[in-house]
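Lettering of chains follows the sequences in order, A, B, ..., and the numbering in each one begins at 1. Keep in mind the model is a prediction, meaning the values are calculated, not measured.
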Protein chains: 2
Amino acid sequence: MTRGRPIAFSPDEAANAAMQVFWSRGYESASTRDLLAAMSLSRSSLYQAFGNKEQLFLEALRRYRESLVGRLGRRLEASPSAVDFLASLFRETAQEAGSDRAALGCLIFNSASELGQQDGLPSQHARQSIAAITALFQQAVERAQAEGDIDPDRDAAALASYLTMGMAGLRILLKSGSDTHQAGQAVELLLDGLRR
Amino acid sequence: MTRGRPIAFSPDEAANAAMQVFWSRGYESASTRDLLAAMSLSRSSLYQAFGNKEQLFLEALRRYRESLVGRLGRRLEASPSAVDFLASLFRETAQEAGSDRAALGCLIFNSASELGQQDGLPSQHARQSIAAITALFQQAVERAQAEGDIDPDRDAAALASYLTMGMAGLRILLKSGSDTHQAGQAVELLLDGLRR
DNA sequence: CCATTTAAGGATCGATCGTTCCAAAAATGG
DNA sequence: CCATTTTTGGAACGATCGATCCTTAAATGG
């Protein structure tokens, strides 16, 4: 069956460790030394198992996106009210203000900001990940409209863009040291605009 | 009076050129080679005139902030309506969608996202620059309240945070390839929340 | 026109970057 | 137990990083 020496690390755990490094340091600033240390494997193993730094980042971003969208999707499904789901999501994020978690930001928005409109897969995948977040917000808005909490005549796609803009901006506020009061106030105003 | 050979470059133009490099490439990714090429001076002259890369960045960020805040402050003063100033500012920014200008983003928000809560002056100055933008928005909101366009009972500081969050998010939308339609819709919803 | 002072050019520094490569180690199948 | 296969550890690669330093060029004051 399997010939030769078996690998001594968990590819899954290694990829998650790499994700953490990219999350806290950014794509370019994360050195292979940082990655190797956090992943607890040797240089050869990294390149053998993940190709190179770019491919490792794509894998990390993919995991982050699927984890985030999956988690939020399940939470939306489990929530009795789509508008409550959105409100609690934004309020809980604002409550992170001042924490280490808040300083990290969101890997997707971090990457979109760092990579902008560059050529290449990392930038492209970051942009697609933002589109995935917007799509999830649109699902929530449409459900809230069906539930009578948002006027069905309002444009769900526009509201979704508004929410993505809000979350991206909130992440920047938190990264720039906004406190829970300031972030909370901004989020309440954002949510007022949602329910109108 | 002035002894020795005079400098052959304009420190002002050189600093502006450096600002452009940091703006398009980011703080860490901007190499001294990039900076030297754009500033059209020699290595010695850069270190002689600006100290080092960090100090040059601080100077570039200071210029950007003062230019931006100064320009917006004058535009606010010249505007007959503070709420119109805010609306046109956000609308014009959304209209940049798809352009090279939109891909650049804003040096202040870019730097805040890149540097986060790091120790050191660059991060600190980026955060202070965001505070300066919020202060300008608060001025505009307070004037709009005095002009009867915004309910004076509403919290001007909270609205200012809301606007900073909105602008930061808008910059991310534009960086991630949002088109003028999508960005425009999000901005209109943001402005609805302002005037309520 | 010479001595002095400062800028400009560029070689060079040690450190670090991402990546490759090779030999040693550790597993398997027969 | 040996041949084979694959992983592992780490040396080494060329490129680039920010920064320093020394020589040369170009200005001024006397």
Enter the inter-axis angle for the ends of the helix from C:dC1-D:dG30 to C:dG30-D:dC1 (five pairs per end, rounded to 10°).
0°
Salt bridge or not between B:Lys175 and A:Glu114? Use side-chain N to carboxylate O under 4.0 Å.
no
Tell me every residue that passes side chain to side chain donor-acceptor pair (under 3.5 Å) with A:Ser45, counting only those two or more places apart in sequence or in another chain.
A:Ser42
Donor-acceptor contact below 3.5 Å, side chain B:Ser99 vs main chain B:Glu96:
yes
Atom CZ of B:Phe9 to atom P of C:dT6: distance rounded to whole Å?
15 Å
Decide side-chain contact (heavy atoms from CB on, under 4.5 Å) for A:Tyr162 and B:Gln185; before the verdict, give the C-alpha distance in whole Å, the side-chain angles of both, and the deciding distance to 0.1 Å.
CA-CA 8 Å; A:Tyr162 169 74; B:Gln185 283 182 321; over 6 Å; no
Quiz: residues 130-139 of chain A side-chain donor-acceptor pairs under 3.5 angstrom, not counting sequence neighbours:
unit_1, atom_1, unit_2, atom_2, d
A:Thr134, OG1, A:Ile130, O, 3.1
A:Thr134, OG1, A:Thr164, OG1, 2.7
A:Gln138, NE2, A:Glu142, OE2, 3.1

Taking the side chain from A:Ser29 and the backbone from A:Gly26, do they hold a donor-acceptor pair closer than 3.5 Å?
no
Per the salt bridge (charged side-chain N to carboxylate O under 4.0 Å, His left out) rule, what does the pair list look like for residues 186-196 of chain B, sequence neighbours excluded?
B:Arg91-B:Glu188, B:Asp192-B:Arg195
What is the separation between atom CG on B:Leu35 and atom P on D:dG18, rounded to the nearest whole Å?
8 Å
Is there a residue in residues 11-25 of chain A whose heavy atoms reach under 4.0 Å of DNA chain D, and which residues are they?
none
Strictly under 3.5 Å: I want the nitrogen or oxygen pairs between protein and nucleotides 1-5 of chain C, one per line.
none

How many whole angstroms separate atom CD of B:Glu28 from atom P of D:dT16?
18 Å
Using the salt bridge (charged side-chain N to carboxylate O under 4.0 Å, His left out) rule, collect all pairs that involve residues 144-162 of chain B, keeping only residues at least two apart or in two chains.
B:Arg143-B:Glu147
In whole angstrom, give the distance that lies between atom CD1 of B:Ile7 and atom C1' of D:dA25.
16 Å
Over all atoms of both residues, closest heavy-atom pair of B:Ala183 and B:Ser178
N-OG, 3.5 Å
Kindly assign one of parallel, tilted or perpendicular to the pair B:Phe22 and B:Tyr27, based on the angle between their ring planes and the thresholds 30° and 60°.
tilted
Selection from D:dC17, C:dA8, C:dC17 that lies nearest to any side-chain heavy atom of A:Arg33
C:dC17
Just do the side-chain contact (heavy atoms from CB on, under 4.5 Å) check on B:Leu115 and B:Phe57 with the steps written out, would you?
CA-CA 12 Å; B:Leu115 304 171; B:Phe57 174 74; 4.1 Å; yes
Pair listing, salt bridge (charged side-chain N to carboxylate O under 4.0 Å, His left out) test, anchored in residues 28-52 of chain A, at least two apart:
A:Arg25-A:Asp34
Is the side chain of A:Ser40 donor-acceptor paired with the backbone N or O of A:Leu36 at a distance under 3.5 Å, no angle test?
no
Find the distance A:Leu36:CG to D:dG9:P and express it as a whole number of Å.
11 Å
Near DNA chain D, under 4.0 Å by heavy atom, which residues of residues 37-63 of chain B?
B:Arg43, B:Ser44, B:Tyr47, B:Asn52, B:Lys53
Can you check whether A:Phe109's main-chain N or O pairs, donor with acceptor, with A:Ser113's side chain at less than 3.5 Å?
no
Run the side-chain contact (heavy atoms from CB on, under 4.5 Å) test against A:Ala14 and tell me which residues pass, sequence neighbours left out.
A:Phe9, A:Met39, A:Leu41, A:Phe50
Could you note down all residue pairs passing salt bridge (charged side-chain N to carboxylate O under 4.0 Å, His left out) where residues 66-80 of chain B supplies at least one of them, sequence neighbours left out?
B:Arg62-B:Glu66, B:Arg75-B:Glu92
Could you tell me the separation between the OH atom of A:Tyr27 and the P atom of C:dC17, rounded to a whole number of Å?
14 Å
Residue A:Thr32, side-chain atoms from C-beta onward, closest of D:dT8, C:dA8, C:dG18
C:dG18
I need the residues from residues 117-127 of chain A with at least one non-hydrogen atom less than 4.0 Å from DNA chain D; give them sorted by number, or say none.
none
